[in-house]
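The next block holds one structure in the form of structure tokens; read it before the comments.
Each ligand, and each atom within it, is numbered from 1 in the order the structure gives.
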Amino acid sequence: MSIPASNNAALARRDLKHLWHPCTQMHDHESVPMVPIARGDGAWLIDADGRRYLDGISSWWTNLFGHANPRIAAALADQAQTLEHVIFAGFTHEPAIELAEELVRITPAGLNRVFLADNGSAAIEVALKMSFHYWLNQGHGEKTRFIALTGSYHGETLGALSVSDVALYRKTYAPLLLTPFLAPSADTYEGEPGESPEQIATRRLGELRTLLERHAHETCAIIVEPLVQCAGGMRMYHPSYLSGLRALCDEFSVHFIADEIAVGFGRSGTLFACEQANVSPDFLCLSKGLTGGFLPLSAVLTTDGIYQAFYAEYNAGKAFLHSHSYTGNPLACRVALETLAIFRDEPVLERNRVLAAHLAKRLAPLRGHPHVADVRQTGMIAAIELVADKTSRRPFPAAERRGLRVYLHGLQHGVLLRPLGDIVYFMPPYVVSEQEIDLLVDTAIVGIEHAVRN
Ligand SMILES: Cc1ncc(COP(=O)(O)O)c(C=O)c1O
């Protein structure tokens, strides 16, 4: 059904009558507009009245090669006419087989087994359960705990939320959740004055060692977002933390779960963030960019050694029985294959390096802004930390919702920015141009001026 022009208001009204949106206090929509998007075109979203918005956050960090990317859309259409779905237990299909082969080929060494699920949180559930179950199968049922980093975010199903440390999402449900041990993140923003990112990482690894000395015997795994803790405020840390973490996990017989759901597929500057520390985790969780932003799909990669701990005669009761109806959905697998083909066919990472350098150059002047405490960047992720007082880094009272003002300013000026609290960040699709980056930054700068005023 084609949507007639000048229909934003009518669609928003119908939406608000029945729909309940994620990550939203629905009451906000008494004043904040609901934006009905009719179509996408490259880095742009076009609403039902024909207004265009530059997608500065890749629609929750999923999109890589543009909205309605014709190459991915064609692969999807072809697959839809061939095989849309089939039960993935006892049956298989070529898109899943090829996807597993390709993921094993491009991910860090040693990750030879691929378990599919259908969203990021589900991948985290799989990794947590697999780690626990591995130790159980090995006769270590006493390992029932997990270690997570302060400021981490791994999703919002109960297991994934359990190992997350963002109060906004976790606090309400705390009585329902597992309790992980929290290790302090090597977040550079929280470093001591004068401390280098590498020194912060070393100090934090020392604290992790102390935690492991006390609790490794009861710990299955430590889960981390490699290099950038995204939903926790785009907090960044030095790669040496990951190499140190790998060594500690080996020393203390604890699994290393790398959640690259947000930072995988080129976001961090390398195809996978773990590459920057030259480490292979025991579990690698992937989603979001895996399908170029087209369809929900996730993958958990693990080692042959872990796989073998489950491989036994049926009545031994060691199988990993976790399942989702849409596991291995052929449409999603085919779209993922096409996304990975773009990485093979085009100089994506090289192009991103140029775009990231341009973004860095444009953001640099903000370091001197009286309400900017930090400007940080890792590859195609950049963030600006707004504060009430630059010297003490005192934040604005959360209730003032300064970031929301930046969001509203962006909407009015055709740019989708969605600050995390008062942290304004940029995570554009890789098809963005330098001129479009200029538009993102210029709009953010004016938005920030409005936001920090009394
Ligand atoms: C690092 C990380 N892990 C897990 C998730 C959860 O993924 P999903 O929203 O697909 O459940 C997210 C989502 O933002 C994420 O950033």
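With a 4.0 Å cut-off on non-hydrogen atoms, C230 does not touch ligand 1 at all. Heavy atoms of H154 found under 4.0 angstrom from ligand 1 belong exclusively to the backbone.
Atoms of ligand 1 found under 4.0 Å from any heavy atom of A262, numbered from 1 in the order shown, are 16 (O). Set against the non-hydrogen atoms of N119, the atoms of ligand 1 under 4.0 Å away are 10 (O), 11 (O).
For the 3.5 Å distance criterion, the side chains of R170 and S162 fail to qualify, holding no donor opposite an acceptor.
Scanning the protein for heavy atoms near atom 7 (O) of ligand 1, the closest one is G120 CA, 3.3 Å. For atom 16 (O) of ligand 1, the closest heavy atom belonging to the protein is W61 CZ3, 3.3 Å. Atom 11 (O) of ligand 1 has its closest protein heavy atom at S121 OG, 2.6 Å. Among protein heavy atoms, the minimum distance from atom 3 (N) of ligand 1 is reached at D259 OD2, 2.6 Å. Of all protein heavy atoms, the one lying nearest to atom 12 (C) of ligand 1 is Y153 CE2, 3.6 Å.
Ring centers of F65 and F343: under 6.0 Å apart, within the cut-off. Checked against the 6.0 Å centroid criterion, the rings of Y326 and H324 do not qualify as a close aromatic pair. Taking the six-membered ring for Trp, F265 and F272 have ring centres closer than 6.0 Å. A centroid separation of less than 6.0 Å is found between the aromatic rings of Y169 and Y153.
Distance alone, capped at 3.5 Å, places no donor-acceptor pair between the S164 side chain and the V166 backbone.
Looking at D78 and R334, a side-chain N of the basic residue comes within less than 4.0 Å of a carboxylate O on the acidic one, giving a salt bridge.
Judged by the shortest distance from any of its heavy atoms, K288 lies inside the 4.0 Å radius around the atoms of ligand 1.
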